[in-house]
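Okay, so here's the structure we're looking at.
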Amino acid sequence: MSIDINKRLSENLSQVLDIPAEKCYSLIETPPDTGFGDFAIPCFAFTKESRKNPAQIASDFERLFSKKAKNNEVIQKVKSNGPYLNMFVNKVYIVREVVRHVFKSRFPGLHGTGKTVIIDYSSPNIAKPFGVGHLRSTVIGSSLYKIFSFLGYKVIGINHLGDWGTQFGKLITAYKRWGSTEQLKSDPVKYLFNLYVRFHSEAENTPELEDEARSWFSRLENNDEEAGRLWGQFRDLSVKEFKKIYGRLGVEFDYYTGESFYSSVLEDTIKSMKEIGITSESDGALIVPLGDDMQPALLRKSDDATLYLTRDIAAALYRHRTFHFDLALYVVGSPQALHFRQLFSVLGKMGLGWNENCHHVPFGHVRFAEGSMSTRKGNIVFLEEVLDKASELALSIIEEKNPGLNHKNEVAEAVGVSSVIFNSLKNYRIKDVAFVWDEVLNFNGETGPYLQYTHARINSLLKKFKEIHGELRFEEGLSFGAEGYGIVLLINNFENVVIHASKEFEPSIISRYLLDLASQFNSFYNTHRIITDDHSLSLSRALVVYGVKMVLKKGLELLGLKAVEEM
RNA sequence: GGGCAAUUAGCUCAGCUGGAUAGAGCGCUGGCCUCCGGAGCCAGAGGUCGCAGGUUCGAAUCCUGUAUUGCCCGCCA
């Protein structure tokens with residue numbers, strides 16, 4: 001849905017200056033200051049063949065262009081400035097061409113046609129509350145899901161629940177000792193969480209609890225009836241709670257196949273790895289040695305219990321067999337970087353080849369000013385609480401600024417939740433996030449509500465436009481002006497931005513772009529009237545604004561934010 | 001001790017993969033609605049891009065070293 005401006009420029013230049021269009025194309029850049037020009041070509045790259053200094057080349061180009069190219073449709077004039085050849089383009093032409101294109105085309109998204117990508121995200125542990133720490137994996141993964149879908153990929157989202165492992169031995173132990181059915185039913189996740197915390201504090205003085213826990217997990221792995229029943233109960237109650245949160249966040253999954261899903265195939269997986277001959281015994285445990293520069297991968301503990309890694313190997317094999325993916329993304333915190341290097345390395349050692357297509361998508365963890373969060377110590381902020389607070393704050397702001405608004409509660413929820421999501425997607429994902437209430441609940445500046453506000457304002461603006469000037473449509477001969485040029489360049493760049501985000505697995509690239517777009521629009525809006533008595537002028541500006549709205553709406557959607565019509 | 005990552009304004013961060021005078025937001029100071037939504041806009045103050053070398057026409061960006069911080073380093077996930 002974009003026009004290739006650089007291509008038009010480079011073809012023009014190549015004809016007039018007799019240089020290869022491809023070379024020109026790759027050199028085109030934007031000057032740091034608009035006073036220099038709209039586009040520029042640094043001439044360093046031409047020094048080798050012409051054996052002249054770049055400033056000389058630039059001024060030769062300028063002279064040649066001025067002599068040969070009269071009345072060029074795109075490039076109005078060129079001017080050399082030291083080693084740079086600066087171009088001044090016909091801005092009205094570009095505004096018109098982009099608007100024409102945006103208005104007539106839809107978002108095609110053919111970039112990833114025929115390719116399948118699976119994304120493993122959110123993946124909370126059962127029986128642990130959904131904290132703000134889980135938010136990042138959830139919203140980053142969900143956004144990547146939407147980004148790849150937009151580009152035409154077939155996407156499969158998997159919630160790899162942490163529903164297996166010795167922690168369930170711990171939970172069963174705690175529940176058997178101190179638990180009650182009534183309390184479990186009333187607030188399952190918080191109750192299980194309290195049991196989990198209590199287990200760890202009591203185990204410090206009573207070490208035999210650990211043995212009891214290991215024994216319960218062993219019974220679970222051996223299909224013990226009681227262990228299985230309790231486990232099933234914990235899992236069902238937790239998943240139900242998680243789905244409530246996912247509903248609020250607008251996050252969905254194709255599969256909830258957690259670690260337990262693979263428990264039945266673990267033996268076969270281990271067996272086939274033994275047959276390939278990459279395993280060995282060490283201190284009673286089964287490992288895969290990975291060379292001198294990496295710790296060996298532990299497949300089975302000395303007590304025969306399997307590990308996280310074992311289950312991830314089984315999961316990877318299953319997923320490739322089932323979905324034949326071209327790309328597999330694991331949206332998991334950066335502390336687990338080694339785990340994934342080991343996983344991919346083991347897959348490589350198995351001779352599978354497709355391990356190259358597996359990527360860990362790491363992100364920084366959430367920290368409080370007081371220190372890092374630990375589930376075991378019970379030091380955690382519940383996501384639900386954060387969403388509630390944000391939603392309440394949004395409602396109070398609506399009461400103050402727009403008390404007549406319809407569906408206040410729904411809008412407040414959309415704005416509050418979006419604010420929290422955006423706060424998590426605004427910056428490069430590898431950065432650690434300091435959790436500061438004032439920042440999460442700030443709706444001014446670089447925030448989700450700012451983007452939503454801009455969208456809502458455009459929406460009402462276009463509504464008003466229709467009342468006065470009728471339906472929006474592209475007409476030849478409209479009086480486009482150069483004032484929309486900056487905005488139009490951004491609009492035209494949207495698809496490239498999304499592609500860039502997909503290559504880097506980085507939603508924040510879109511966040512930054514949208515902030516830039518909204519800011520440019522707001523500035524434009526403050527200096528130019530859109531709706532005037534002049535029909536042609538109004539329509540041409542409204543079409544530019546319409547482009548902003550389309551891109552803003554789609555961009556918000558890709559991040560998982562709701563583009564409300566009014567707020 | 002080994003490995004991975006980060007380091008840019010008081011705070012939180014961008015900087016288009018090597019280009020011209022390093023940019024935003026928050027906070028602070030001062031302006032802007034007889035006019036399309038002030039959750040907005042404009043302006044000001046605020047910088048030795050952690051430090052030291054190297055690569056070349058040119059480095060916040062690439063390489064090496066170093067400091068600081070965070071995370072990881074077989075029987076948790």
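Naming convention: chains lettered A, B, ... in sequence-line order (proteins, then strands); numbering from 1 in each chain. Scope of the values below: all heavy atoms of this structure, side chains included, with no hydrogens, waters or symmetry mates.
- The side chain of A/L338 lies closest to B/C73, out of B/C11, B/C73, B/C76.
- Residue contacts for A/I509: at a heavy-atom cut-off of 4.0 Å it reaches no nucleic acid atom on any strand shown.
- Regarding contacts with the backbone of B/C16, every side-chain N or O of A/R512 stays at 4.0 angstrom or more from both OP1 and OP2.
- Between A/Y308 and A/I41, the residue anchored nearer the 5' end of RNA chain B, judged by the nucleotide with its closest heavy atom, is A/I41.
- Spacing between B/U21 and B/G47 at atom C1', rounded to whole Å, works out to 13 Å.
- To the nearest 0.5 angstrom, A/L539 atom CG is 8.5 Å from A/S479 atom OG.
- Spacing of P atoms, B/C42 relative to B/G53, comes out at 41 Å, to the nearest Å.
- For the pair A/R457/A/N522, a side-chain contact is recorded, criterion being any heavy-atom separation below 4.5 Å from C-beta on.
- Protein atom CZ of A/F44 is 13 Å distant from nucleotide atom C1' of B/A59, rounded to whole Å.
- Whole-Å rounding puts the A/D516 CG to B/G15 C1' distance at 12 Å.
- Classified by its glycosidic torsion, B/C42 falls in the anti category, the angle being over 90° from 0.
- A salt bridge links A/K549 with A/E565: the distance from a Lys NZ or Arg NE/NH1/NH2 to an Asp or Glu carboxylate oxygen falls below 4.0 Å.
- The side-chain heavy atoms of A/D312 and A/H160, taken from C-beta on, include a pair separated by under 4.5 Å.
- Here, B/C73 and B/G27 have their C1' atoms 41 Å apart, quoted to the whole Å.
- The listed nucleotides are B/A5, B/A14, B/C75; the one nearest the side chain of A/I430 is B/A5.
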* Asked: Which nucleotides of nucleotides 28-40 of chain B have their base under 4.0 Å from a protein heavy atom (B), which only their sugar-phosphate (S), and which neither (-), written as one string 5' to 3'?
  -> -------SBBSBB
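- As judged by a 4.0 angstrom heavy-atom cut-off over every strand, A/A337 is placed among residues making no nucleic acid contact.
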* Asked: What do the steps show when you test A/S122 against A/F242 for side chain to side chain contact (heavy atoms under 4.5 Å, CB included), and what is the final call?
  -> CA-CA 10 Å; A/S122 196; A/F242 290 155; over 6 Å; no
* Asked: Given the rule in the side chain to side chain donor-acceptor pair (under 3.5 Å) test, do A/D4 and A/Y25 qualify, once you have shown the distances and angles that lead to the verdict?
  -> CA-CA 10 Å; A/D4 195 340; A/Y25 184 86; 2.9 Å; yes
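- Taking only side-chain atoms of A/P335, from C-beta outward, the nucleotide of B/C71, B/C75, B/C13 with the closest atom is B/C71.
- Looking at heavy-atom distances under 4.0 Å, A/E504 makes contact with a base.
- Among the heavy atoms of the strands, none lies under 4.0 Å from A/A297.
- Comparing the same atom, C1', in B/G3 and in B/G74 gives a spacing of 16 Å after rounding to whole Å.
- The CG-P distance, from A/L307 to B/C73, rounds to 13 Å in whole Å.
- A glycosidic torsion no more than 90° from 0 defines the syn conformation, and B/U17 adopts it.
- Following rounding to the nearest Å, A/N81 (CG) and B/U21 (P) show an atom-to-atom distance of 10 Å.
- Residue A/K431 is classed as a sugar-phosphate contact, given heavy-atom separations below 4.0 Å to backbone atoms only.
- Taking the P atom of each, B/G1 and B/G40 are spaced 49 Å apart, rounded to whole Å.
- Heavy atoms of A/N86 sit under 4.0 angstrom from at least one base atom.
- Remark: side-chain polar atoms of A/T173 are paired, donor with acceptor, to backbone N or O of A/G169 under 3.5 angstrom.
- No option in A/L135, A/T138, A/I140 other than A/L135 meets the side-chain contact (heavy atoms from CB on, under 4.5 Å) test with A/S424.
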* Asked: What pattern of brackets, bars and dots sums up RNA chain B from 5' to 3', given Watson-Crick or G-U wobble pairs under 3.5 Å, [ ] for crossing pairs and | for another strand?
  -> (((((((..((((.....[...)))).(((((.......))))).....(((((..]....))))))))))))....
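- If you take atom C1' in B/G10 and the same atom in B/C28, they sit 10 Å apart, rounded to whole Å.
- Within the nucleic acid shown, A/P42 has no heavy atom closer than 4.0 Å to any nucleic acid atom.
- In this structure, B/G27 shows a glycosidic angle more than 90 degrees from zero, which is the anti conformation.
- Nucleic acid contact class of A/R429 (heavy atoms, under 4.0 Å, all strands): none.
- Of the candidate nucleotides B/C75, B/G74, B/C26, B/C26 has the atom nearest to the side chain of A/N442.
- Judged purely by atom type and a 3.5 angstrom limit, A/H469 has no side-chain atom pairing as donor or acceptor with the backbone of A/K466.
- Nucleotide B/G23 holds its C1' atom 13 Å from the CG atom of A/D33, rounded to whole Å.
- Taking the six-membered ring for Trp and the full ring otherwise, A/Y453 and A/F443 have centroids separated by 6.0 Å or more.
- Comparing A/D283 and A/N427 against RNA chain B, the residue whose closest nucleotide sits nearer the 5' end is A/N427.
- Ring centroids of A/Y330 and A/F340 are separated by less than 6.0 Å, placing the two rings close together.
- Of the candidates B/A77, B/C76, B/C73, B/A77 carries the atom nearest the A/E259 side chain, counting heavy atoms from C-beta on.
- Rounded to whole Å, atom P of B/C71 lies 14 Å from atom CD of A/Q336.
- The CG-C1' distance, from A/L441 to B/U12, rounds to 16 Å in whole Å.
- At a threshold of 4.0 angstrom between heavy atoms, the contacts of A/D438 with the nucleic acid are absent.
- A salt bridge (charged side-chain N to carboxylate O under 4.0 Å, His left out) check over residues 405-418 of chain A, counting only residues at least two apart or in different chains, returns the pairs A/R248-A/E413, A/E399-A/K408.
- Judged by distance alone with a 3.5 Å cut-off, a donor-acceptor contact links the side chain of A/S302 to the base of B/C75.
- A/E483 has a carboxylate O that lies under 4.0 Å from a charged side-chain N of A/R541, or vice versa, which qualifies the two as a salt bridge.
- At whole-Å resolution of the value, NZ in A/K426 and C1' in B/C26 are 8 Å apart.
- The P atoms of B/G2 and B/U66 are separated by 10 Å, rounded to the nearest whole Å.
- Counting non-hydrogen atoms under 4.0 angstrom, A/R300 reaches nothing in the nucleic acid.
- With P as the reference atom, B/A60 and B/A22 are 10 Å apart, rounded to whole Å.
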